[in-house]
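Structure first, commentary second.
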Amino acid sequence: MAVETMTIEIVEAAVATAAGFKAIGAGLAVGLTGMGTGLAQFGIGSAAVGATAENKEMFGLALLFTVIPETIVIFGLVVALLLLF
Amino acid sequence: MFEPQTMSKLLIAASKDQLEAVVRELYRHNLFHIEDFVESDAQGLEGCKIGMPLPGASESSSELVRIRSIENTYSVSPTSMDAGEQKMPTSEVRQRIERELLAIEKEAAAFSGEKVSLENTIRDYRTRIAELKPFTVFPANLADLKGFEYFAVFAGLVPAQVSLGVPNETFIAAYDKSNLLIAVVPRENAEEAEKELFDAGFQPVQIPDEDGTAGERTVWYTHEITRLEGDLGAVSGRIFAQKEKNATFLVACDELLTAEVERAEAPLRFATTEETFVAEGWVPADMVAVLTSDLQSATDGKVFISEVGFDPIEDAVPVEYHNPNFSKPTEMLMDIYSRPQYGELDPTILVSIVFPIFFGFILGDVGYGIILLALGFYLRKFLKDDAGKKLLDVLRNASISSIIFGLIYSEFFGFSLPWSPIGINRHLLIGSHAGGHGPDVVLMLVLTAWVGILHITLGRMIHMYNGAKMITPGRHRSKVIFGQFGWILVMWGILLVLWSLFEMPLMPVLAGYPAVFAGINGFGVAGAVLTLVGIIGIGQDSLLELMELPTVISHVLSYTRLAAVGLSSVAIAMVTNYIAIELIIDPQLANLNLVGVIIILIGIVIFLVGHTLNIALGILGGGLHSIRLHYVEFFTKFYKGGGKKYEPFGKLLKFTED
C-alpha cells in the first residue's frame, strides 16, 4: 500500500513539475522574444519618429518599419500558447 | 471599383479678358486639378510666361489676414464648425464686410487688449509676491530699508550667522533652510562689508520697492489677483458672448475671402502670352462635358477647350478614389500608406472588407464592441474634419464586426453569454466556472494560417494582374508575371509537402499514401516539384528575390497573430473579472459589513481600470495588428502606391452661396 501511495505521489509530482516547466517555458518564450522585439524596435522607432517629425507623409512607411520586428514576439506568443494548451 | 476615377487631361485657352470668368467658373465647379505651368519645362508652350494675379488680390489677402486675426481672438475655426442651416449670400457678406468689419475688428482688438493687460498685471503681481516671499520673516516696513544717504543696505540669504568686522546693524531670521540677512553699514565701509558677506556665502536678494511689511503687501497682492481674475473671467465671458454672435459671420467672411484670394492667385499657375492664357489640368472623365458646356456659356463661347492625350502609366495623373460608399472611409487607411498609382489596381475595397473582419476576429467581445461604438459616436462631436470622420467610420465598422464576432465567440467583457461559442471557443480556463476543454488554440492557429495563405496568394495574383496591365507586353512582363506565379507555386508546393507528411486539423489529409520516393508519397513529390519550379520562376525574374524565400513561411505564420493577440485580450479580460469579482467582491458580499463595502468599491475600481486598459490595448492590438497585416504582409506582395492626390481647384461652399 505504502509503495503504491508513494508511486502515485511521485507521478503526481512529476506531472506537476512538467506543467511547471511548461509554464516557465511559455513565460521565457514570450519574455525573451518581447525583449528581442523591444531591442529591435528601439532603434527603428526612434528613427521613425524623427523621420515623421521631419515629414508627416513618412508616417505610413515609418509605422510599417517599426512594426516589422513585432513578428518575433508574436512567434513567441504562438509558441507559448502551443506549450500551454 | 478596383480602379481610380478615370481622368481626362484638359487644355483651356482663351484671351485674357475671359480670365476672370474662366477662373470663377473653374472654382465654382471644384473639379479642375491644375497642372502648374513651369517656365523652364514648358513642353509645347515655349515662350509663355506665368500669369499675373488678378486685380484685388492684395486687398482680399489683407482683409483675410484681419479676419483671421479676429477669428484668433474669438478662437473660431472654419474647419471645426458645421455648415449653418442657412448659407449667407456672398453679396450680403460683402456688404457686411464693408459695413461691420471695422467695428468688429475694433471690438475684438479692445477685448484682446483688455485680456492681455489683465493677464500681464496678474503675472506682474505674482512675480511681486514671489519677490516679497523672503522678506515675510522681516517684520518692519520695507520702505524703511531704502533712501539712506550715509548707509548702505545689504539684503540676501546666508547659510549661517555672520558677524561683520565693520560697524553695522543686522537683522537675521531663518527662512527656507537658509537665513535672511539684512545688514545696514556706513557707506564708507560698504565695500569691505560686501567682501566679508560674499566670503560667507551671501546671495543678494533685491529689496522690493514696497511701502508696508512684506506680509501686508502679500495679502494686498493676493486680494488684487483674485479681483483681477474675476475681471478676466468677465472679459472671457463677454468674448464668448461676442463669439456666439459673430462666429457665423466670421467663417462666412473667411470662406468668401479665401475664395477670392485663391481665385486671384490662380493665374500664377497658368501659362500666358501678351493677350492669351492657357490652363492645363485634369478633370474626372465623366465631368468633362458638364465643365466644358458651363465654361462655354460663362464666356459666351470665347474659350477653346480640348482634351489632350496622355500616357496613363508614365504621366503623373492625379488619383481620385472611385469606391462604393461603404469603402470610402477606408481610403484614409490607404492614404496613410500611400495613394495608388493611376494605372494600378486600387485595393481599397479589399481592405475595407478584410480589415473589420481581422479587427473583430481579434477583439471579438460584445461588451467591448458596444463601448467602442459608443465612443465613436461621442468623438464625432469633436472630430469634424474629413480625415477624422473617416477614421470614426472605420472604427464604427470595426466595432460592429467586433460585436458580431463577440456573439459567435459568446463573449461579453470576458464573461460568457448564455450560449456556447459557435465554432471557435476562446474561453480560457480561468476562475471557478472554468470547465470544458479550454480554448481551441490549435484550431485558431491553423485557421489564421489559412487566412494568411489565401490573403498572400491573392496579393501575388494581384501583382500578376498589375504586371499584365501596367507593363508593356514583352520579355520583362512575362518575367514579372512568371516570377509572381513562382511565389504562389513555392507556397502551395511547401503546403503539399507538409500535408503529405503530417495530419493537421482543418487541412487536407494527404499523409498515409504509399511512398513513392525516399519515404515521401506522391503528393509530397508533386509539392517538391512545384516548389522547385516556383524557385526557378522567382530566380529568372530576379536572383536577389531568392533571398526572400523564408518570407513564404514567416509571412504566413505572421497571420497567426490574429489568434494570439485575440487570446491575450481574452486572458486579460478574464483575469480582471477573476480578481475583481471572485477574489474581492464575492467573498465580501457573502458577509456584508462596512469594511466589506469599501473593499467591494476597490473591487469595482479594479474591474473598471482593468477593462478600460484592455479596451485601449484592444484598439491598439486589434487596429494596429490588422492594418499591419495589410501594410506589411499583403501590400508588399503587389502594391506600389505613390500616386499624386487629386486636388481640384476650388472649394465646396460651406457657409456662403453665390
Do other residues, nucleotides or ligands put more than 12 heavy atoms under 6.0 Å from M35(A) CE?
no
Counting heavy-atom pairs closer than 4.5 Å to chain A, which one of D440(B), V442(B), I336(B), L624(B) comes out on top?
I336(B)
Check each atom of H625(B) against the heavy atoms of chain A and say whether the ones under 4.5 Å are side chain, backbone, both or neither.
side chain
Just to verify, what does S327(B) make a side chain to side chain donor-acceptor pair (under 3.5 Å) with, not counting sequence neighbours?
S352(B)
Please classify the contact between F75(A) and chain B as side chain, backbone, both or neither, with a heavy-atom cut-off of under 4.5 Å.
side chain
Quick one, T71(A) and R561(B) - any side-chain contact, counting heavy atoms below 4.5 Å?
yes
Any side-chain heavy-atom pair from L557(B) and V78(A) closer than 4.5 angstrom?
no
Atom CG in L77(A), atom OG1 in T560(B): separation rounded to 0.5 Å?
8.5 Å
Which residues in residues 630-646 of chain B have a heavy atom less than 4.5 Å from any heavy atom of chain A?
Y631(B), V632(B)
Just give me the residue among S338(B), A563(B), A564(B) that pairs up with chain A most often, heavy atom to heavy atom, under 4.5 Å.
A564(B)
At what distance, to the nearest 0.5 angstrom, does OG of S554(B) lie from CD1 of I72(A)?
11.0 Å
Does NZ belonging to K22(A) count more than 12 external heavy atoms closer than 6.0 Å?
no
Could I get the full list of salt bridge (Lys or Arg N to Asp or Glu O under 4.0 Å) partners for E344(B), not counting sequence neighbours?
none
L567(B) versus chain A, heavy atoms under 4.5 Å apart: side chain, backbone, both or neither?
side chain
Contacts of D335(B) that satisfy side chain to side chain donor-acceptor pair (under 3.5 Å) - sequence neighbours left out:
Y321(B), R339(B)
